[in-house]
Visitor: 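Before I ask anything, here is the structure I am working with.
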Amino acid sequence: MDRLLLPTPHRSVGWGDELMSPSPVLATPINRSPEERIMTATYTFDVFSTLDGFGAHNGDWGGYWGKQGPEFLDRRLALYSKEQRMVFGANTYRAHAHMLAAGIEVSELSDPWVTRMRDLPATVVSSTLQEPLDWPDATVVSGDAVDVVAKLKAESDLPLRSHGSLSLNRALMAAGLVDRVQVTLFPAICGQTGADPTFQGAADFDLQLIESRTLDGNIQEFIYRPTPRIGARPSTRAIA
């Protein structure tokens, strides 16, 4: 199921425009791959996960599994303050739009980084949705998700980012269209209440670590370059 990975929240934290913490940051710059030297937009799959690989929960953990702090929220805002285009599957868009339209009291929807994300231009890959959408600058594109995103990468003047949309992004990874996998790892195990296994059904990949950082002393962020393993791959068909 594609959806925005924002679990039910309960928090009180402060804000900032950029990461200003002394937390240790390990960044490992590397040369760009031959494929990335071609003039195509970089695509980042941005996902939240527990240690045991769940992207959401059905328990009483609260938003961000109750682990968020000011460094994490500042980092998210810094990431989304950059000019970029969002890419969503239909189910992720529907879930997010429903919460906004219904006025559901989810405090995470008022987090500055979420507000900023909604202000960014977005492409929604769907064969069922029709414009206009309840999103300030969203375009619906129908067709096979792999073909749509391949064309978008070739034509976009902005880098591309997708938060959530798990089945869509697993299909794009299998097709070799994801340049970066950004995993924010929360210190929790949800063996009984976990939902939305992040990489269930995905192809096999080698991951090259590009950056890593620690936020608020317990949240880990990893940015990888994925390389598909040689062999059979699952279907690249995404739910729309």
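Model, not experiment: these values are computed from the prediction. Both backbone and side-chain heavy atoms feed into the values below; hydrogens, waters and symmetry mates do not.
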Visitor: Is it the case that the side chains of Asp134 and Tyr93 hold a donor-acceptor pair, with the cut-off being a distance below 3.5 Å and no angle test?
Guide: no
Visitor: Return yes when atom CG of Asp206 has more than 12 non-hydrogen atoms of other residues, nucleotides or ligands closer than 6.0 Å, and no otherwise.
Guide: yes
Visitor: Decide whether a cation-pi geometry holds between Arg161 and Tyr80; the criteria are a distance under 6.0 Å from NZ or CZ to the six-membered ring centre and an angle within 45° of the ring axis.
Guide: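 Pair Arg161/Tyr80 counts as cation-pi.
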Visitor: Once you round to the nearest 0.5 Å, how far does CE of Met173 lie from CG of Asp204?
Guide: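 Separation between the atoms: 10.0 Å.
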Visitor: Can you list the residues that meet the side chain to side chain contact (heavy atoms under 4.5 Å, CB included) rule with Glu131, with sequence neighbours excluded?
Guide: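 For Glu131, the residues satisfying side chain to side chain contact (heavy atoms under 4.5 Å, CB included) (neighbours in sequence not counted) are Thr139, Val140.
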Visitor: Membership question, hydrophobic clusters at under 4.5 Å side-chain separation (ILVMFWY): are Phe54 and Val183 in the same one?
Guide: no
Visitor: Any side-chain to backbone donor/acceptor pair from Lys153 onto Ala41? Under 3.5 Å, distance only.
Guide: yes
Visitor: So, Ser81 and Arg116: side-chain donor and acceptor under 3.5 Å apart, yes or no?
Guide: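 No donor-acceptor contact under 3.5 Å links the two side chains.
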Visitor: Where does the angle between the aromatic ring planes of Trp65 and His57 fall among parallel (under 30°), tilted (30 to 60°) and perpendicular (over 60°)?
Guide: tilted
Visitor: Backbone N or O of Glu221 within a donor-acceptor pair of the Ser212 side chain at under 3.5 Å?
Guide: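 Checking the backbone N and O of Glu221 against the side chain of Ser212, no donor-acceptor pair under 3.5 Å is found.
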Visitor: With sequence neighbours left out, write down each residue that passes side chain to side chain contact (heavy atoms under 4.5 Å, CB included) with Pro159, or none if nothing qualifies.
Guide: Gln84
Visitor: Taking Arg170 for the side chain and Thr198 for the main chain, is one N or O donor matched with an acceptor at less than 3.5 Å?
Guide: yes
Visitor: Main chain of Thr128, side chain of Ser126: is a donor-acceptor contact present, judged purely on distance under 3.5 Å?
Guide: yes
Visitor: Check the pair Gln220, Thr214 against side chain to side chain donor-acceptor pair (under 3.5 Å), reporting the backbone distance first and the verdict last.
Guide: CA-CA 5 Å; Gln220 298 288 324; Thr214 301; 3.1 Å; yes
